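To start, the structure itself, in structure tokens.
No hydrogens, no waters, no symmetry mates; every other heavy atom, side chains included, goes into these values. What you see is a predicted model; the values in this text were computed from it and never measured.
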Amino acid sequence: MNMVLLFSQCNMNAAAAAREYAFQFGRPGIRLPSRNVILAAVNQGFEDGNLIPVLHRGHGQGVAGRPENDQLGQNEERVLNAVEVDPRTSIRIISREENLSYSFVQKVLKRNHLHAIHYRKVQALRPEDYPLRMRFCEIMLNRITEDDTFLDRVLFTDESSFGRDGTFNVHNHHQYALENPHLIVENKHQTRFTTNKWAGIIGDTIIGPIDFPERLTGGFYRDFLENGLGELLQRNRIENDEVIFQHDGAPAHTANATVRALDQLYP
């Protein structure tokens with residue numbers, strides 16, 4: 001009880017409570033509680049109203065004020081109800097609103113096989129996109145049924161810009177150390193540059209990548225189709241007349257002169 005009182009008097013600071021406990025109650029031969037022991041006692045009190053650890057309780061020393069299983073069952077039901085009402089809630093929110101310890105809420109969720117399922121980013125589609133995609137899938141399946149080498153002959157292509165900042169996921173990078181080395185990674189550079197690359201893939205062969213201008217024009221793209229692409233395919237021993245060319249609807253890809261060139265090269 002003294003540990004919990006001191007914890008409250010020290011503004012919920014377990015380390016300060018441990019020092020104050022040693023100052024007030026320290027005697028030769030007396031074992032003093034550490035900050036972790038004080039935190040464990042506080043959490044135990046929040047969980048079931050009894051400061052005595054479960055393993056050290058005698059007969060009848062269950063949850064304060066009511067049978068132990070009854071109290072724990074009601075607390076668990078409160079946690080599960082909170083998740084059912086708002087599946088997007090968090091352990092911290094439940095702990096705060098239901099006045100339960102973080103560890104207790106975490107154990108209840110784990111015991112009931114409730115996992116934090118993360119959102120997955122997908123492309124936003126308009127209502128008219130769905131029938132078009134369905135039609136595309138039907139066409140592709142029919143082509144594959146008619147010719148099992150169809151997909152091996154499709155040259156999938158695209159271009160993309162890459163900047164100086166790159167991509168850095170802090171969750172995937174760390175360093176073990178005895179002390180905080182204050183690791184940093186530089187980004188958001190004041191001087192920036194980008195590079196535009198084109199690449200394709202046909203079967204299991206990657207074509208390119210090659211440099212494209214940062215602002216792609218129909219003239220450059222048409223010249224690439226008529227002169228540069230054929231050389232790249234020959235370099236990889238791919239016959240131009242066997243290729244089924246694929247690209248998206250970017251303005252440079254759908255210019256009238258580009259379409260005429262494609263009709264001649266890949267009819």
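- Between R260 atom CZ and E226 atom CD the span is 10.0 Å, to the nearest 0.5 Å.
- When hydrophobic clusters are built by joining Ile, Leu, Val, Met, Phe, Trp and Tyr residues whose side-chain heavy atoms come closer than 4.5 Å, directly or via intermediates, L225 is not grouped with V259.
- The local environment of CD in Q24 is crowded, with over 12 non-hydrogen atoms from other residues, nucleotides or ligands closer than 6.0 Å.
- For D223, the side chain to side chain contact (heavy atoms under 4.5 Å, CB included) test picks out N227, with sequence neighbours left out.
- Under the 4.5 Å side-chain criterion, counting only non-hydrogen atoms from C-beta, E77 is not in contact with L80.
- Using a 4.5 Å cut-off on side-chain heavy atoms (C-beta onward), F104 and V79 make contact.
- Contact of the I201 side chain with the I207 side chain is not registered, since no non-hydrogen atoms from C-beta on lie closer than 4.5 Å.
- Legend: ring-ring contact (aromatic ring centres under 6.0 Å, His included) pairs involving residues 135-156, not counting sequence neighbours: none detected.
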(message) Please evaluate residues L6 and F25 with respect to the criterion side-chain contact (heavy atoms from CB on, under 4.5 Å), reporting the C-alpha separation (whole Å), side-chain torsions for both, the decisive distance (0.1 Å), and the verdict.
(response) CA-CA 11 Å; L6 289 174; F25 304 104; 4.0 Å; yes
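- More than 12 heavy atoms of other residues, nucleotides or ligands sit less than 6.0 Å from atom CD of E128.
- Here the shortest heavy-atom pairing between S95 and S101 reads OG-C, 3.6 Å.
- In this structure, I238 is a member of the same hydrophobic cluster as L262, with clusters built from ILVMFWY side-chain heavy atoms closer than 4.5 Å.
- The minimum heavy-atom distance between G26 and L32, with the atom names listed, is CA-CD2, 3.9 Å.
- Annotation: R126, atom CZ; neighbour count of heavy atoms from other residues, nucleotides and ligands within 6.0 Å does not exceed 12.
- Residue L114 places its CG atom among more than 12 non-hydrogen atoms of other residues, nucleotides or ligands, all under 6.0 Å distant.
- Within the model, atoms CD1 of I91 and CD1 of I94 stand 7.5 Å from one another, a figure rounded to the nearest 0.5 Å.
- A 4.5 Å side-chain heavy-atom check between L151 and M140 finds at least one atom pair inside the cut-off.
- Taking each heavy atom of T89 and V83 in turn, the nearest pair found is CG2-CA, 4.3 Å.
- Taking every heavy atom of both residues into account, A14 and I38 meet most closely at O-CD1, 4.0 Å.
- Hydrophobic side-chain contacts under 4.5 Å tie M134 to no other Ile, Leu, Val, Met, Phe, Trp or Tyr residue.
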(message) Working note: R143 + D147, criterion side-chain contact (heavy atoms from CB on, under 4.5 Å); need CA distance, chi angles, decisive distance, verdict.
(response) CA-CA 6 Å; R143 295 294 297 269; D147 179 5; over 6 Å; no
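- Two residues are said to be in side-chain contact when any heavy atoms from C-beta on lie closer than 4.5 Å; L155 and Q246 fail this criterion.
- Scored by the side chain to side chain contact (heavy atoms under 4.5 Å, CB included) test, A15 finds N13, R19, R35 as partners (sequence neighbours excluded).
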(message) One pair to check against side-chain contact (heavy atoms from CB on, under 4.5 Å): L125 and R133. What are the steps and the verdict?
(response) CA-CA 10 Å; L125 296 178; R133 289 200 167 199; 3.6 Å; yes
(message) Is there a side-chain hydrogen bond (donor to acceptor under 3.5 Å, both in side chains) between N75 and R78? Walk through the geometry before answering.
(response) CA-CA 5 Å; N75 288 342; R78 288 161 57 196; 2.7 Å; yes
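- The closest side-chain heavy-atom distance from T149 to R153 is below 4.5 Å.
- Between R96 atom CZ and I93 atom CD1 the span is 6.0 Å, to the nearest 0.5 Å.
- In D248, the CG atom is crowded: over 12 heavy atoms of neighbouring residues, nucleotides or ligands sit closer than 6.0 Å.
- Side-chain contact between E98 and V105: absent, with no pair of heavy atoms (C-beta onward) separated by less than 4.5 Å.
- Distance alone, capped at 3.5 Å, places no donor-acceptor pair between the D86 side chain and the A82 backbone.
- The line from CG of N112 to NE2 of H115 is 10.5 Å long, rounded to the nearest 0.5 Å.
- V243 has its side chain within reach of I202: a pair of non-hydrogen atoms, C-beta onward, lies under 4.5 Å apart.
- To the nearest 0.5 Å, atom CG of residue D204 and atom CG of residue D152 are 8.0 Å apart.
- Listed by chain and residue number, R235 satisfy the salt bridge (Lys or Arg N to Asp or Glu O under 4.0 Å) test with E231 (two or more places apart in sequence, or in another chain).
- Residues A18 and S34 come closest through the heavy atom pair CB-C, 4.2 Å.
- Note: I117 CD1 to R88 CZ = 15.5 Å, rounded to the nearest 0.5 Å.
- Listed by first then second residue, pairs satisfying ring-ring contact (aromatic ring centres under 6.0 Å, His included) with a partner in residues 223-247 read W198-F224, F212-F224, Y221-H247, F245-H247, F245-Y266, H247-H253, not counting sequence neighbours.
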(request) Evaluate the criterion side-chain contact (heavy atoms from CB on, under 4.5 Å) for residue pair S160 and K197; output intermediate values, then yes/no. (result) CA-CA 6 Å; S160 183; K197 300 289 184 182; over 6 Å; no
